[in-house]
Every structure is written in C-alpha cells, then in structure tokens.
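Shown next, in structure tokens, is the structure this report addresses.
Here the structure is a predicted model, which means the values were calculated and not measured. Reminder, nothing fancy here: chain letters follow the sequence lines and each chain counts from 1.
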There are 2 protein chains.
Amino acid sequence: MDTTQRTDQQRAADRRRRELLEAADRVVLRDGPQASMNAIAAEAGITKPILYRHFGDKGGLYAALATRHTDALLASLRAALDAPAERRERVEATLDTYLAAIEARPQVYRFLMHPAEGGQAGDQGFDVGKHSAPLLRRMGEELAQVIEERVDLGPGSQQLARVWGHGIVGMMHAAGDWWLGERPCSRAELVRSLADLLWGRLAAAGDKVGGPGF
Amino acid sequence: MDTTQRTDQQRAADRRRRELLEAADRVVLRDGPQASMNAIAAEAGITKPILYRHFGDKGGLYAALATRHTDALLASLRAALDAPAERRERVEATLDTYLAAIEARPQVYRFLMHPAEGGQAGDQGFDVGKHSAPLLRRMGEELAQVIEERVDLGPGSQQLARVWGHGIVGMMHAAGDWWLGERPCSRAELVRSLADLLWGRLAAAGDKVGGPGF
DNA sequence: ACGTGCATGTTACTAGCGGTAACGCGAGTC
DNA sequence: GACTCGCGTTACCGCTAGTAACATGCACGT
C-alpha cells in the first residue's frame, strides 16, 4: 500500500461520502428532518451499516449535512455584510439575503434549525445551551466579530458586540420564522421594519394617547 | 347518571389529569424532553394506556404540560410589561424577568423551546413555520399587542408592531440561550446591552478607524 | 338480587426506529 | 493458493410510540 494507492482509496471514499450526502439531502428535503436512516440508505441504493461506517451515527450524518448548507449560507451572508455601502444598507442587504434564503428553501431552513430531533439513545448529559441550532450560534459569532471590528462601541465593546450579534441574529431568525409561516407582508417590508427597529425607532416613537406607553 | 354525578366524575378525572401532569413534570425536569411515556407512566404509578386515554398522544401530553408553564411565564412577563414606569424601565424589567426565569429553571426552559423532539411516526405533513416553539409565538403576539396599544407608530402600525414583537422576542430568546450556555456576563449587564441595542445604539455608534464601518 | 354501562386499570402486542454483530465477497498482495 | 482488507449484506438487539383486548369495580334501572 504505497501512498498513491492510499490516496486513490481516500478519494474514492470521499466521492462516496459526497454521494451519500447528496442522497441524504434529497431525502431530508423530501421527508423533513425525521428522515430515517433506512430511507436515506435506500435513496443512496445501499443499506444502513454503510451510512454508519461513514458518519458514525445519525448525528454525524446530520452534522455533515448541516455543515454544507451552513457554510453556503454563511458565505452569502458574509458577502452581503462586506459589500461596499453604508451601514444601514448593509444591514438591510444581510437581512434580505437571509430571508431570501429561507424563503427559497424552507425545508433546508427547517432542517438547519432543528437538526436534533429523534434520538432515543444517550443524550442523558443534556447540557443546556447546546441544543440550539449550530447555525444560529455561528451566525451570532460571525456577526459579533464584524460588529466588533467595524463599529466603535467604546469600553466593553467585545462583550457588547457578542450580545448584539446573537441578539440580532435571533431577531432575524424569529421574525423570519414567523414571517415564513404567515406571510403577512412582503420581504422588503419586513426588512425595512426590522432595520427600523435596529435603528432605534422604538425608542424614538411617542406614547399613544391615554397611557404611559410601552 | 344525573348531572351531579357526571360532575363528580369529571372532577375526579380532572384531578387525575392534574396528578398525571405533575408526575410528567417531574420526569421531564429530571430526564429532559426525551422522557419516555413509559417513564412518565411509571412515575405516576400507572401504565401507558391511561396516559393515552387522557392526552391522546405524546404531543397532547407535552402540549398540556407546555401550556401550564407557558401561562405562568406569560403572566409574569405581562406583569413586568404593565408595571407603572418609563418605557425603557419596563423593557428592562421584562427582559430581566424572562432571563431570570430561564436561569432559574433551565430544564423547563429547554422543554418549552424544544418540545417536539422524538416522535418517529406521522408528522409527515410537516408545515414549515409550525415547528417553532409555541411559547415564542405567543410571546411575540402578546408583545406585538402591547406595542400596538401603547406606542404611536403612525400608519401601518399594526404590522410593524407584529414584526417588532416577534423580532424582539427572538432577540431576547437567542441572546438568553447563548448567555445561559456561556455565562459571559451578569444578567444585569445582558439586560442593559440588549436594551441599548433596542434603543438604537447600533445606529448611533461611529465607525471604527480605517474602514467604512458595519 | 341481577344484569348493564362505564370508567379505570392491566397485559401483551405491533410497527418502526437507531444502532450493531456477524458474515459474504471481490480485489490486490505475498 | 492463502491472506488481508474494504465494501456490502442479512439478521438481530433494545428501545420507542401507540393500540387491542381483557379484567375489575362501582353506580345505575328493573
């Protein structure tokens, strides 16, 4: 077993892995995150143990699957965030990019946000805080980094940036989730409303007549 | 079967139902949301079919369980939201109430936010948008209502209030989730940072030297 | 006193899941 | 030819949600 052959084998394995991931992708897109390992194996034209040899367990497969989509989405978000424009324009572009992505492929979105379903074995450790979708955490951290790098927040800026990063991402996520379910307005309107919120319109607005105001 | 007896039976059934819910509560608090129906039945000192007679299926039991906690949390949030104080103080009080609740009982929190785990049968309908925790939706709607009632937002205020309601709740949720996992700062600091974000400090901050700024 | 409902409870089962052990098989190596 | 080794299979385990069928006790009408 010289080096070239080992490389060949590894390449073949990698290609196989990619094929399996694509098959899993199709099934997850069709059946949702509850897609069974049997179904995925059948779609790939093989049987379960092969999946387990490649990915360890269901979590491993789903993690590999999620990493793909997460990377792709994060890349486009970074692009929107780094575009040469004013701050507000960038915020709106980033919001719109995210919302367009979840609008275009809601099944992928649902999978990314709730990948940890099923699983009746183990999980007894059950650390609070680890259950949230990794995508949200990654987006929050990335946004925090961008804020910390570019916005002058004075002392304690790093911590503030992280709070804001996760907070803004959560705002975007929750509003997007709600919007996707009810479609109460156009995407552009949603983007504007959220940007207005971030721009302090809540603080600037006056009380309504008759009460002390929220 | 006259009316009084029917009432008696119903009362007995209701008491039983409450007992079962309390047993389920104990198990969920101990084992997390993956608690099996068998475990819950054992904790209640009975067997599975009784649970199914009372709650239909696992989702029914979990919904009943969630409604209890959700109602309790919503009540305290409403109290904070309706306190006689300035708007910013109220926002901070509400944020703090929520964060204190999830800090005090993280298991309950985790259950409320991710009640839809397990479950390998059915669920094929799989409507996007319904998967989010009902608690988040309810909080979003309630907050939207309060905003719409009390803040003067001009035309289109209803829609704007709903977007903001869900957005702010999502911000609070995501930041809280992250904070609970990493504990990077005190609760009071987190509350202040989030309130600052809502008060437009992002828009007001200047760019950092050397770049166009986020 | 005697059946008749009815609610409550049980045991025993199905179907499907994630995951694994044990084996078959073909290709390259000595 | 024997030997290893990676790919693939069948057949299984233990678990789950959910259900059918049977047993029991209590209040009723006659």
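The aromatic rings of B:H166 and A:W178 sit parallel to each other, their planes meeting at less than 30°, with 60° as the upper class boundary.
Nearest heavy-atom pair across A:A41 and A:T47 is CB-C, 3.6 Å.
Dashed line: the shortest gap from a side-chain N or O of B:R16 to OP1 or OP2 of C:dG9 is under 4.0 Å.
The side-chain contact (heavy atoms from CB on, under 4.5 Å) test applied to A:R187 returns A:D96, A:L99, A:A100, A:E103, A:W179, not counting sequence neighbours. Looking at residues two or more places apart in sequence or on another chain, you find a side-chain contact (heavy atoms from CB on, under 4.5 Å) between B:Q158 and B:E148. Residues passing the side-chain contact (heavy atoms from CB on, under 4.5 Å) test with B:A24, sequence neighbours excluded: B:I40, B:L61, B:L65.
Atom CE in B:M37 sits about 10 Å away from atom P in D:dT19, given to the nearest Å. In this structure, B:D31 atom CG and D:dC15 atom P are separated by 14 Å, rounded to whole Å. Straight-line distance from the OH atom of B:Y62 to the C1' atom of D:dA17: 11 Å, rounded to whole Å. If you measure from atom CD of A:Q34 to atom P of C:dG18, you get 11 Å, rounded to the nearest angstrom. Atom CZ of A:R17 is separated from atom P of D:dG6 by 17 Å (rounded to the nearest Å). One atom, CG of B:L61, and another, C1' of D:dT16, lie 15 Å apart when rounded to the nearest Å. Separating the CD atom of B:E19 from the P atom of C:dT8 is a distance of 12 Å, rounded to the nearest angstrom.
With C:dG19, D:dT16, C:dC17 as the choices, the nucleotide that has an atom nearest any side-chain atom of A:N38 turns out to be C:dC17.
Summary of helix geometry: the two end axes of the helix from C:dA1-D:dT30 to C:dC30-D:dG1, each defined by five base pairs via their C1' atoms, are inclined to each other by 30° (rounded to 10°).
Within residues 42-56 of chain B, the residues approached by DNA chain D to less than 4.0 Å at the level of any non-hydrogen atom are B:K48, B:P49, B:Y52, in residue-number order.
With respect to the salt-bridge test (charged N to carboxylate O, under 4.0 angstrom), the residues B:R16 and B:E19 qualify. Under the 4.0 Å criterion applied to side-chain N and carboxylate O atoms, A:R88 and A:E92 are assigned as salt-bridge partners.
The ring of B:F55 has its center no closer than 6.0 angstrom to the ring center of B:Y62.
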Only pairs under 3.5 Å count here: list side-chain donor-acceptor contacts from residues 71-84 of chain A, not counting sequence neighbours, and write none if there are none.
residue	atom	partner	partner atom	Å
A:D71	OD1	A:R138	NH1	3.1
A:D71	OD1	A:R138	NH2	3.0
A:S76	OG	A:A72	O	3.4
A:S76	OG	A:L73	O	2.9
A:R78	NH1	A:E142	OE1	2.9
A:R78	NH1	A:E142	OE2	2.8
A:D82	OD1	A:R150	NH2	3.2

